[in-house]
Trainee: 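Below is the structure I would like to discuss, written out as structure tokens.
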Amino acid sequence: MTDTILSVSNLSTSFRTDRGWLKAIDGVSFTVHRGEILGLVGESGCGKSVTSQSIMRLYEEKRMVRYEGTVMLSGTDLLSLPFSRMQHIRGRDISMIFQDALSSLNPVLTVGDQIMEPLRIHQKMRGDAARAEALNMLRLVGIPAPETRLRQYPHELSGGMRQRVMIAIALACHPQLLIADEPTTALDVTIQAQIMDLIVFLNRQLAMGVILITHDLAVVAQTCQRVAVMYLGQIVEEGGVPDIFDRPLHPYTRGLLASIPRMDGDRRERLHVIDGTVPLLHQMPSGCRFAPRCPYATDHCRKEMPQLRSVSGGQSVRCWREEE
Amino acid sequence: MKKYILKRILTLLPTVFIVSVVVFLLVHLTPGDPAAMMLGDDATMEDIAALHAKLGLDDPLIVQYIRWVSRCLQGDFGTSTAVIGQKVSDMVFSHFRPTLCLAIYSQLITILLAIPTGILAARKRGRIADMITSVLSLLGISLPSFMMGLGLVLLVAVHFRALPAAGYKDLFTDGLLPFLRYMTLPALSLGFIHAAYMMRMTKTSMLEVLSSDYIKMARSKGVKEHTIIGKHAFRNAFLTVLTVIGQGFISALAGAAVVEKLFTIPGIGTLMVDSIEKRDYQVIQAITLLIAMLNVVINLIIDLLYGLCDPRIRLE
């Protein structure tokens with residue numbers, strides 16, 4: 001269980017803009033173990049997707065993007081690999097699924113063609129062998145009548161079906177790590193639950209690590225073993241799901257948890273809102289990035305940036321209040 | 001797919017009907033009596049009346065229309081009023097071949113020039129290759145085809161003496177090599193404007209497709225870059241380019257008059273201009289009908305190709 005598959009340390013990704021280089025994520029570190037689901041949560045624009053796409057090196061335009069830090073996948077640093085080697089890692093060792101399955105599947109290629117493609121590329125499967133394996137994958141993700149589906153185009157399937165197809169494509173080569181970038185955001189609630197169950201099932205069945213990117217804390221509570229909370233391109237708190245949900249240490253995590261609407265209790269109570277707005281990337285506070293919105297912020301917080309430090313029980317937090 | 005084809009063909013019928021009515025009225029609404037014009041100034045009233053009766057010009061319009069349509073369907077477009085005894089169908093047919101060959105050749109050049117450079121420009125966005133192609137395409141769009149043609153004649157034919165300045169050699173009677181020698185300059189000047197436009201469309205369309213989620217998905221599967229461009233991206237971008245190819249083909253067929261005149265090619269454009277000068281209404285009518293029908297047919301072909309390329313269209 002404690003096999004480390006992926007270990008990201010000090011990952012920073014900068015993009016070239018008219019105003020110069022902007023760091024979208026800054027010093028992100030975390031690990032994913034075999035058979036584990038790590039939740040990566042945070043509000044829109046906090047760098048969750050940048051983190052996942054940096055791991056895959058999907059921003060490949062060299063003049064436009066700069067990576068720093070290391071991304072170790074079973075002992076290889078992905079960031080220092082030549083591009084051609086990286087192409088062999090993608091889809092074979094790490095796969096990714098996206099939010100919107102309709103726009104993530106190629107509209108002019110059949111489902112079968114798209115599932116067989118990684119098999120052809122990475123496992124050199126041909127003809128009937130690839131077809132049989134594609135059928136297996138469709139069955140594994142719970143698609144009825146897979147023979148028919150294989151010949152269909154993405155627009156002929158329902159939303160939940162498309163998401164399953166995308167998972168089948170991603171898992172075709174049995175990768176060690178699956179990055180699921182908000183896989184259920186575009187689906188309705190019942191289908192969401194089915195897809196999450198499927199991801200949990202496959203995570204156990206194939207013993208792979210999963211990074212689940214989401215802003216839905218309820219999903220994290222139900223499915224993940226560990227969770228990392230991101231704010232403005234940094235991880236502010238990380239730890240086991242029970243620990244973080246029971247005893248959130250960072251004021252931002254507390255704010256997030258307090259913002260979840262509750263069905264029980266006093267319904268007349270107004271929803272909790274974290275004060276202030278997210279600063280723009282080029283107006284980054286020099287101290288703690290959450291300080292402008294933090295109810296506990298001191299001068300120290302505004303001047304100096306805290307580091308992510310581990311506290312009790314494998315929980316880490318980036319906050320001066322926990323430093324004493 | 002069969003249903004799609006049938007539906008496409010059925011929707012053409014109203015278009016064809018309207019076009020035929022307009023073309024028919026074209027001659028009947030123009031001032032002047034065709035019979036009087038055919039017989040000349042010193043014709044007697046009796047002669048004119050006799051010719052009227054012979055040509056059926058006194059019948060109600062609807063009867064004349066039906067007669068005209070049924071003749072057209074048999075390939076009979078009447079006889080020329082300017083060149084005595086010459087059948088219009090023969091004139092149009094013999095002039096159509098050079099135009100068609102020129103159009104196909106110029107579109108081939110256009111496609112081979114525009115699509116690869118468009119893809120290149122999209123892949124190297126913001127770099128030297130993109131800038132060079134952008135400048136060239138701007139030049140192509142702003143330069144009229146006769147300027148392009150004159151420039152090419154000056155440079156290639158007069159200065160380098162590499163290709164003949166004008167004239168026509170037929171692909172079937174004179175062979176491929178003479179055809180290429182004589183037709184490359186006209187084809188280039190005809191196709192260049194369109195190549196510029198098509199290149200821009202290819203680039204825009206490729207850029208749009210390349211930023212889509214399914215390309216990201218394909219990259220995350222480990223698909224190699226050239227397969228991404230060729231298989232995943234271009235097949236989607238091609239749908240937009242296909243429309244442009246259709247438009248280009250139509251404009252090369254119908255709008256080649258200037259280039260044909262410039263290079264003295266006996267094509268439809270030349271015939272059209274000559275017939276207008278001679279007020280040869282029968283020929284003008286036949287050419288107008290031909291060009292309108294070509295529009296309809298080419299659009300049908302493009303529609304069918306759409307259905308072939310895009311599974312989403314086929315279904316509905």
Side-chain angles (χ1 to χ4, degrees), chain A residues 16 49 52-53 55-61 63-64 83-110 113-123 151-156 165-166 169-173 175 178-179 181 186, chain B residues 1 3-4 119-131 202-203 205-243 304-316:
Chain A
R16 190 174 161 138
S49 296
S52 64
Q53 296 192 24
I55 294 170
M56 296 282 275
R57 277 170 62 185
L58 283 178
Y59 307 107
E60 210 35 76
E61 287 174 73
R63 303 177 323 135
M64 303 305 287
F83 184 55
S84 56
R85 286 276 308 282
M86 191 63 210
Q87 277 176 337
H88 291 296
I89 304 263
R90 289 178 186 168
R92 192 188 67 188
D93 298 314
I94 315 181
S95 275
M96 199 160 172
I97 53 175
F98 299 90
Q99 189 182 109
D100 183 1
L102 181 59
S103 62
S104 303
L105 295 174
N106 196 323
V108 301
L109 301 176
T110 59
D113 199 9
Q114 299 189 56
I115 300 180
M116 286 186 269
E117 192 167 32
L119 294 168
R120 291 199 193 102
I121 297 170
H122 299 298
Q123 312 200 332
R151 286 190 302 270
Q152 285 183 317
Y153 290 94
H155 70 275
E156 297 174 80
V165 166
M166 185 152 73
I169 295 172
L171 300 185
C173 298
L178 173 72
I179 302 175
D181 192 347
Chain B
M1 190 70 189
K3 211 174 148 198
Y4 173 76
I119 293 173
L120 184 79
R123 289 207 53 194
K124 309 274 177 196
R125 184 167 46 143
R127 294 197 223 167
I128 287 292
D130 179 23
M131 289 171 198
T202 309
K203 179 187 160 186
S205 176
M206 275 303 274
L207 280 178
E208 197 188 310
V209 169
L210 281 175
S211 66
S212 68
D213 284 348
Y214 55 82
I215 295 300
K216 207 195 281 175
M217 178 81 192
R219 290 210 170 102
S220 83
K221 286 198 283 191
V223 181
K224 292 211 167 58
E225 205 56 29
H226 60 87
T227 317
I228 291 209
I229 298 291
K231 181 177 167 188
H232 289 263
F234 185 66
R235 278 184 67 165
N236 283 284
F238 185 65
L239 294 171
T240 321
V241 180
L242 197 57
T243 321
L304 296 184
L305 286 176
Y306 254 130
L308 214 62
C309 295
D310 191 345
R312 285 165 298 181
I313 294 176
R314 223 177 295 163
L315 207 77
E316 41 151 346

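Letters go in sequence order (proteins before strands), and every chain restarts at 1.
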Trainee: Flag the one option from A:Ser95, A:Ser104, A:Gly91 with the top tally of heavy-atom pairs under 4.5 Å to chain B.
Mentor: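 It is A:Ser104.
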
Trainee: Who wins among A:Asn106, A:Ile94, A:Val108 for the most heavy-atom pairs under 4.5 Å with chain B?
Mentor: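 That would be A:Asn106.
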
Trainee: Looking at every heavy atom in both B:Pro311 and A:Pro107, which two are closest together, and how far apart are they?
Mentor: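 Minimum heavy-atom contact is CG-O, 3.3 Å.
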
Trainee: Relative to chain B, which segment of A:Met86 carries a heavy atom at a distance below 4.5 Å: side chain, backbone, both, or neither?
Mentor: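 When you check distances to chain B, no heavy atom of A:Met86 falls under 4.5 Å.
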
Trainee: Rounded to the nearest 0.5 Å, what separation is found between the CD atom of A:Gln87 and the CD1 atom of B:Ile228?
Mentor: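 Answer rounded to 0.5 Å: 7.5 Å.
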
Trainee: What is the distance from atom CE of A:Met64 to atom CZ of B:Arg125, rounded to the nearest 0.5 Å?
Mentor: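 Result: 7.5 Å between the selected atoms.
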
Trainee: When A:Asp113 is tested against each of B:Arg235, B:Lys221, B:Lys231 for salt bridge (Lys or Arg N to Asp or Glu O under 4.0 Å), which residue passes?
Mentor: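 Of the listed residues B:Arg235, B:Lys221, B:Lys231, the salt bridge (Lys or Arg N to Asp or Glu O under 4.0 Å) partner of A:Asp113 is B:Lys231.
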
Trainee: Is A:Gln53 close to chain B through its backbone or its side chain, or both, or neither, when contacts mean heavy atoms under 4.5 Å?
Mentor: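 The side chain, not the backbone.
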
Trainee: Within this structure, what is the NZ-OH distance for the pair B:Lys216 and A:Tyr59, rounded to the nearest 0.5 Å?
Mentor: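 The OH atom of A:Tyr59 is 6.5 Å from NZ of B:Lys216, to the nearest 0.5 Å.
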
Trainee: If you measure from OG on A:Ser84 to CD on B:Glu225, what distance do you get to the nearest 0.5 Å?
Mentor: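 The OG atom of A:Ser84 sits 12.5 Å away from the CD atom of B:Glu225.
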
Trainee: Need one label for A:Met96: side chain, backbone, both or neither, based on atoms under 4.5 Å from any heavy atom in chain B.
Mentor: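 It is both, since atoms from each part get that close.
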
Trainee: Is A:Leu109 close to chain B through its backbone or its side chain, or both, or neither, when contacts mean heavy atoms under 4.5 Å?
Mentor: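 Side chain of A:Leu109 only, per the 4.5 Å heavy-atom cut-off to chain B.
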
Trainee: If you look at every heavy atom in B:Ser220 and A:Phe98, which pair is closest and at what distance?
Mentor: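 Reported closest heavy-atom pair: OG-CE1, 4.1 Å.
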
Trainee: Answer yes or no: are there more than 12 heavy-atom neighbours, outside B:Arg127 itself, under 6.0 Å from its atom CZ?
Mentor: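 Check passes, neighbour count above 12.
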
Trainee: Working to the nearest 0.5 Å, report the span between CG of A:Asp100 and OH of B:Tyr214.
Mentor: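 So the CG of A:Asp100 and the OH of B:Tyr214 are separated by 12.5 Å.
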
Trainee: Taking all atoms of both residues into account, what is the closest heavy-atom pair of B:Arg219 and A:Arg90, and its distance?
Mentor: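 Distance-wise, the nearest heavy atoms are O-CD, 3.0 Å.
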
Trainee: A:Tyr153 versus B:Arg312: any side-chain heavy-atom pair under 4.5 Å?
Mentor: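 Answer no - side chains too far apart.
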
